[in-house]
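The first residue of the sequence shown is numbered 1, and numbering continues consecutively from there.
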Amino acid sequence: MNSPAEFVRFDELDTDYGPEFEADVDAVVRVVERVTRDSVATEGTGRAVRFAHAKPYGLMRGELHVLPATDPHYFQGLYASPGRYPALIRYSNGMGHMRPDAQLGAACGMAVKLFGVPGESLTDEPTAGTMDYNLINSPVFFANTARDYLTLARLFTELPDGTATSAGQAMWLHAFVTRDGTLEPERWLWDELLALLSQMNSPLPHLLHSTFWSMGALRHGDHVAKLRIAPAADTPAAPARPVDPLSSLHPVRDELVADAGTADHHFDVQVQLCADVKAMPVENSSVPWPEQLSPFVTVARLTVPAQDISAPDNPDRADALSFTPWRTPREHQPVGEIQTVRRRVYERSSALRHELNQQLRREPVCPDAVLR
């Protein structure tokens, strides 16, 4: 394991993203606003849906138990001292559509909301006492800059219809890797493309038996880290059968409901500290951080007790919540350009969606306020 002197410090990072950054973010927000408004009609539900992670699979109760510290460099911020925090967990598909699972693919999200967190968060509700993690079922992501995200904002509205033919797929992938033809060949987005393809070729997941990663880097007290939530060794084994995409319209939710009702599930919350910004880049989330340079260390246990989430309104309760990686104490703020883009995009998307759906946008005070 690395020595403390080898870990990258948060205050050493360069957060100057250039003179065009703010204009690019403004352009991204405008696209997200347009897609969100259009979704009332295009998604067939009569309401606005999320720009990404639109389809909820289920909402569950849980509890995060911070473990006693074994190494102070990993046990920082929220994890500096043992404690227990009630939680809500929302599972979702990563696409911005409300379609059958067979059309949406295997990219999924795990959003965790903790309650009773001390200190102020970096959102427009700083004293709500909640903290969010927005995780995906891949260690890599396929966008790294505001300009990348602007191209993706358009391209992902074309899925899956725009890639239904081989010609459509070729045009879509060319637009992706060349950033709509604006990049010289030596700057094409090969890392990003490989990250995207790695997610597209995966089978549909059993969600309670899957590992989820922070999309990019985070501050972790004095240091910089990535976080993952992985099934613990003592959690029940995954079902032997794969999730059949054609067994129903919503087989991922069907399997989640079945798994949730049978047993408690346990997850290790793990931190990987950045030890080398070249080999473990903060600004390129499309390449994994080598674990041989810095391993993941367990700092907490997330327990999801057996529960019935089969109620028809369970996904609707999940949909009404707001999650953002910037709902966090300063000691755990997201870092990197793409993470900074997410701050504006998530906040504006959430506010507009709640406005269009005539939903009150306010942080709940406890899980019972959501799941009664």
Taking atom types as modelled, is there a side-chain donor on [X] or [Y] under 3.5 Å from an acceptor on the other?
{"X": "Arg219", "Y": "Gln333", "value": "no"}
{"X": "Asp254", "Y": "Ser248", "value": "yes"}
{"X": "Thr235", "Y": "His266", "value": "no"}
{"X": "Ser350", "Y": "Arg348", "value": "no"}
{"X": "Asn144", "Y": "Ser285", "value": "yes"}
{"X": "Asp101", "Y": "Asn93", "value": "no"}

| side-chain contact (heavy atoms from CB on, under 4.5 Å) evaluation trace for His53 with Arg90 | CA-CA 10 Å; His53 297 275; Arg90 175 189 189 265; 4.0 Å; yes

Do the side chain of [X] and the main chain of [Y] share a donor and acceptor less than 3.5 angstrom apart?
{"X": "Gln359", "Y": "Asn357", "answer": "no"}
{"X": "Asn137", "Y": "Ala106", "answer": "yes"}
{"X": "Thr165", "Y": "Gly168", "answer": "yes"}
{"X": "Glu63", "Y": "Thr303", "answer": "no"}
{"X": "Trp326", "Y": "Glu347", "answer": "no"}
{"X": "Ser294", "Y": "Leu273", "answer": "yes"}

| request: Given side-chain contact (heavy atoms from CB on, under 4.5 Å), test Thr130 with Glu125 step by step and report yes or no. | output: CA-CA 9 Å; Thr130 51; Glu125 295 180 83; over 6 Å; no

| Salt-bridge criterion met for Asp268 and Arg228 (N-O under 4.0 Å) |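 Looking at Asp268 and Arg228, the cut-off is not met.
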
| In terms of side-chain geometry, is the basic nitrogen of Lys113 or Glu363 positioned less than 4.0 Å from the acidic oxygen of its partner? | yes

Is there a continuous path of hydrophobic side-chain contacts, each under 4.5 Å between heavy atoms, that joins [X] to [Y]?
{"X": "Leu183", "Y": "Met171", "result": "no"}
{"X": "Leu122", "Y": "Tyr85", "result": "no"}
{"X": "Leu189", "Y": "Phe141", "result": "yes"}
{"X": "Met280", "Y": "Phe296", "result": "no"}
{"X": "Phe51", "Y": "Leu352", "result": "no"}

| message | If you apply the rule salt bridge (charged side-chain N to carboxylate O under 4.0 Å, His left out), what do you find for Arg317 with Asp313, and how did you get there? | response | CA-CA 6 Å; Arg317 294 178 185 272; Asp313 68 344; 3.1 Å; yes

| task | May I ask you to check whether Trp172 and Phe156 place their ring centers less than 6.0 Å from one another? | result |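 Trp172 vs Phe156: aromatic centres under 6.0 Å.
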
Any non-hydrogen side-chain atom of [X] less than 4.5 Å from a side-chain atom of [Y]?
{"X": "Val370", "Y": "Pro364", "answer": "yes"}
{"X": "Tyr74", "Y": "Phe7", "answer": "yes"}
{"X": "Arg372", "Y": "Asp368", "answer": "no"}
{"X": "Thr340", "Y": "Ile338", "answer": "no"}
{"X": "Arg301", "Y": "Leu64", "answer": "no"}
{"X": "Arg342", "Y": "Met215", "answer": "yes"}
{"X": "Leu78", "Y": "Pro329", "answer": "no"}
{"X": "Pro281", "Y": "Val287", "answer": "yes"}

| field | Criterion salt bridge (charged side-chain N to carboxylate O under 4.0 Å, His left out) on Arg9 and Asp11, from CA distance to verdict | value | CA-CA 5 Å; Arg9 292 184 59 86; Asp11 55 16; 3.4 Å; yes

| task | Apply the test side-chain contact (heavy atoms from CB on, under 4.5 Å) to residues Leu321 and Leu59: give CA-CA distance (whole Å), side-chain angles for both, the deciding distance (0.1 Å), then the verdict. | result | CA-CA 10 Å; Leu321 292 172; Leu59 186 67; 3.9 Å; yes

| task | Find out whether the Lys NZ or Arg CZ of Arg253 is both under 6.0 angstrom from the six-membered ring centre of Tyr57 and within 45° of the ring's axis. | result | no

| query | Between Tyr91, Phe267, Tyr133, which is the residue that forms a ring pair (Phe, Tyr, Trp, His ring centres under 6.0 Å) with Phe212? | reply | Tyr91

| request: Apply the ring pair (Phe, Tyr, Trp, His ring centres under 6.0 Å) test between Tyr79 and each candidate in His73, His223, His332; give the one that qualifies. | output: His332

Taking every non-hydrogen atom, the tightest pair across [X] and [Y]:
{"X": "Ile229", "Y": "Leu227", "answer": "CG1-CD2, 4.1 Å"}
{"X": "Ala217", "Y": "Lys226", "answer": "CA-CG, 4.2 Å"}
{"X": "Arg327", "Y": "Thr123", "answer": "CA-CG2, 3.2 Å"}
{"X": "Val140", "Y": "Ser198", "answer": "CG2-OG, 4.0 Å"}
{"X": "Arg353", "Y": "Val49", "answer": "CD-C, 3.6 Å"}
{"X": "Asp132", "Y": "Phe323", "answer": "OD2-CA, 3.2 Å"}

| request: Give me the one residue out of Glu43, Arg50, Gln103 that meets side chain to side chain donor-acceptor pair (under 3.5 Å) with His97. | output: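 Output: one option passes, namely Glu43.
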
| field | Criterion side-chain hydrogen bond (donor to acceptor under 3.5 Å, both in side chains) on Thr182 and Asp180, from CA distance to verdict | value | CA-CA 6 Å; Thr182 63; Asp180 271 335; over 6 Å; no

| field | Arg37 vs Glu33, salt bridge (charged side-chain N to carboxylate O under 4.0 Å, His left out): CA-CA, chis, key distance, verdict | value | CA-CA 6 Å; Arg37 293 183 187 279; Glu33 288 178 338; 5.8 Å; no

| field | Worked verdict on Glu20 versus Arg147 for salt bridge (charged side-chain N to carboxylate O under 4.0 Å, His left out) | value | CA-CA 9 Å; Glu20 298 179 342; Arg147 194 66 59 87; 2.8 Å; yes

| said: side-chain contact (heavy atoms from CB on, under 4.5 Å) for Phe10 and Asp222? Distances and angles first, verdict last. | reply: CA-CA 6 Å; Phe10 168 75; Asp222 295 331; over 6 Å; no

